[in-house]
Amino acid sequence: MPESETPQSGGPTAATAEHPDIRTRRRADIAATLLPGFVGTTLPDWLAERLRDGLGGVCVFGQNITSAEQLRRLTDAIYAANPDAIVAIDEEGGDVTRLHHEAGSPYPGNAVLGRRGDVSYTESIARRVGWELRRVGCNLDFAPDVDINSNPDNPVIGVRSFGSTPQVVAEQSAAWTRGLQSAGVAVCAKHFPGHGDTAQDSHLVLPVVDLAHEDLRERELRPFRAVIEAGARTIMTSHILLPQLDAERPATFSPTIVQGLLRDELGFDGVVVSDALDMKGASGEKGIPEAAVLALAAGCDLLCIGTENTDEQLDSIERAVAEAIDAGRLTGARVAEAAGRVLALAADLHAQRQSIPVPPDDARGAIDPADVAVAIETFDVSPAAAEWIRADAARYSVVRIDTVANIAVGVAPWGPFAEAQAEPDAPLARAFTANPAVVITEDDNPELVLAARSPVLVIGKDNHRHAFAREAIDRLRAQRDAVLVVDMGWPSDDRAYADLATFGASRLIGRALLTLLDTGS
């Protein structure tokens with residue numbers, strides 16, 4: 001850092017008092033590190049002005065999207081304000097979808113891809129996701145999720161993971177990275193250094209993963225090494241505490257983890273993105289402005305702020321970062337380094353928009369029958385489930401178990417219910433919706449009044465993790481002989497509440513389930 005930028009205790013640096021241009025440059029550097037969300041489906045004036053002044057970019061969420069055409073208009077407006085903007089999105093190609101949050105995703109999702117185990121197929125799915133993102137103008141995808149789902153009670157990862165072993169997750173994550181980035185969209189592999197071995201959700205609390213460095217190296221870090229070798233442009237940190245590495249600071253705020261582990265040990269030289277700073281695991285006690293300061297100081301480059309940010313909120317963040325520099329808690333050189341990485345990535349992505357042509361879109365997000373066949377092959381079907389299906393009941397009662405979706409998944413339609421909503425006149429959907437249905441939730445667990453002697457189809461997600469779901473299933477099994485329990489999440493190892501496990505609940509997987517029930521094989 002130049003001598004003129006050396007902080008003086010107790011107030012602004014001498015340089016900033018004498019040279020306003022340094023203050024101006026710092027404001028530009030700070031702005032380049034910020035990636036806010038916003039409310040609405042058109043670009044707000046305040047956000048357009050900030051983009052013109054050098055804001056790093058924007059993150060779009062499901063609430064900002066009504067159609068592909070509308071999203072394209074929105075991203076065009078963003079690029080008109082700042083041609084080198086980062087336009088980020090959470091599109092994992094499965095349960096977590098923003099492009100298809102109204103209807104459910106036409107892609108299989110990571111857990112299904114991991115069970116399939118075909119890296120070429122995984123690469124092709126990711127490339128299709130990449131082309132779809134290019135068509136709507138997004139250039140950074142907060143995917144793939146490269147966490148190893150080693151804990152079946154994990155409430156936030158589950159089927160977002162490619163599997164429960166380092167080898168499978170590493171191979172699949174690298175393939176997904178190659179596929180997406182071949183379309184000119186940067187991946188953001190998450191959640192470093194691994195969010196799979198936890199039973200808590202960092203959106204709501206600060207999870208603790210009590211693993212030694214050596215255990216991380218042999219397990220959690222292997223997929224991150226794989227995506228780095230595959231050329232991942234960005235990696236997202238996690239808001240989890242790893243006390244054997246840093247007993248006081250979550251990963252996002254830990255120089256030991258961001259600089260020491262990710263930069264120095266793994267050799268990653270791309271952009272480090274923070275997970276959303278509005279999450280409880282990040283800002284629950286300290287607030288977003290202070291979280292931004294700590295994330296930058298730890299080595300993060302691009303700060304994902306949240307979903308519904310405001311002009312005033314960004315003012316407070318920029319002010320907090322500037323004050324931290326003045327106070328010597330953060331250096332101007334660190335912020336300039338972060339801004340430089342973000343701007344270099346944005347420039348590269350801008351160049352790729354010009355050099356990588358997008359193929360014609362013939363399918364417009366339609367479900368490919370070949371993907372349906374692949375999904376069915378990955379289902380875990382017990383002998384009892386196979387017998388239930390072979391019985392080929394024309395009529396059965398449906399019990400839908402609705403659990404509260406984690407914030408990452410949101411409220412997108414899921415499973416066969418998504419398929420029935422999207423294609424209500426299709427034969428499979430008509431046959432499914434013709435059956436009487438009961439909906440069970442944690443708040444509304446009604447007496448199960450079902451047709452006498454009819455078979456029962458129970459459909460839920462992560463059934464074993466929810467007491468009310470286990471109670472309802474146990475009750476049904478005690479009352480009926482022909483009960484088929486389908487788990488469209490990540491089932492327990494003993495499959496106690498999953499006669500049939502699909503390892504995903506995208507719309508594609510919903511159609512695959514209906515196809516299996518219809519064909520009886």
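Everything quoted here is computed from the prediction, not taken from an experiment.
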Legend entry - Side-chain H-bond candidate by donor/acceptor type, N149 with S161, under 3.5 Å: no
Inset, instruction - Could you check D301 against R334 for side chain to side chain contact (heavy atoms under 4.5 Å, CB included), going step by step and ending with a plain yes or no? - result: CA-CA 9 Å; D301 304 309; R334 165 79 272 272; 2.8 Å; yes
Inset, instruction - With rounding to the nearest 0.5 Å, note down the distance linking OG1 in T66 to CZ in R73. - result: 7.0 Å
Legend entry - Atom CD of Q70: over 12 foreign heavy atoms under 6.0 Å: yes
Legend entry - Side-chain donor-acceptor contact under 3.5 Å, T97 with E92: no
Inset, instruction - Could you give me the CA-CA distance, side-chain angles and deciding distance for H350 and D84, then say whether side-chain hydrogen bond (donor to acceptor under 3.5 Å, both in side chains) is met? - result: CA-CA 6 Å; H350 186 180; D84 287 335; 2.7 Å; yes
Legend entry - Polar side-chain atom of S506 near backbone of D95 as donor-acceptor pair, under 3.5 Å: no
Legend entry - Side chains of W414 and I509 in contact at under 4.5 Å (non-hydrogen atoms): no
Legend entry - Derivation and outcome, side chain to side chain contact (heavy atoms under 4.5 Å, CB included), residues I235 and L266: CA-CA 12 Å; I235 288 177; L266 298 190; over 6 Å; no
Inset, instruction - Measure from NZ or CZ of R353 to the centre of the six-membered ring of Y79 and say whether it is under 6.0 Å with the direction within 45° of the ring axis. - result: yes
Inset, instruction - Before accepting this row, confirm whether a basic side-chain N of the pair R128/E132 lies closer than 4.0 Å to the acidic partner's carboxylate O. - result: no
Legend entry - Student check: side-chain heavy atoms of R27 and I30 closer than 4.5 Å: no
Legend entry - Side chains of D264 and Q259 in contact at under 4.5 Å (non-hydrogen atoms): yes
Legend entry - Among N82, D315, D45, the one residue meeting side-chain hydrogen bond (donor to acceptor under 3.5 Å, both in side chains) with R50: D315
Legend entry - Minimum side-chain heavy-atom gap E308-D278 below 4.5 Å: no
Legend entry - Heavy-atom neighbours of E49 CD exceed 12 at 6.0 Å: no
Inset, instruction - Would you kindly say whether T252 and H239 are connected by a side-chain donor-acceptor distance under 3.5 Å? - result: yes
Legend entry - Pairwise side-chain contact, W176 with N110, heavy-atom cut-off 4.5 Å (strictly under): yes
Inset, instruction - Kindly indicate, with the supporting measurements, whether the criterion salt bridge (charged side-chain N to carboxylate O under 4.0 Å, His left out) is fulfilled by R217 and E214. - result: CA-CA 5 Å; R217 181 182 293 115; E214 187 58 34; 2.5 Å; yes
Inset, instruction - Determine, stepwise, if the pair D487 / D380 fulfils side chain to side chain contact (heavy atoms under 4.5 Å, CB included). - result: CA-CA 10 Å; D487 192 333; D380 187 344; over 6 Å; no
Legend entry - Chi angles and distances behind the side chain to side chain contact (heavy atoms under 4.5 Å, CB included) call for I367, R507: CA-CA 9 Å; I367 290 176; R507 180 187 158 204; 3.7 Å; yes
Legend entry - Heavy atoms of other groups near E248 CD, more than 12 under 6.0 Å: no
Inset, instruction - State whether the number of non-hydrogen atoms from other residues, nucleotides or ligands found under 6.0 Å of Q244 atom CD is greater than 12. - result: yes
Inset, instruction - Could I get the full list of ring pair (Phe, Tyr, Trp, His ring centres under 6.0 Å) partners for F224, not counting sequence neighbours? - result: F192
Legend entry - Nearest atoms (heavy-atom pairs only) where S238 meets P193: OG-CD, 3.8 Å
Legend entry - From CA spacing to verdict: salt bridge (charged side-chain N to carboxylate O under 4.0 Å, His left out), E229, R225: CA-CA 6 Å; E229 291 173 1; R225 288 194 197 96; over 6 Å; no
Inset, instruction - In plain terms, say whether E337 and R341 are close enough for a salt bridge, that is, a side-chain N and a carboxylate O under 4.0 Å apart. - result: yes
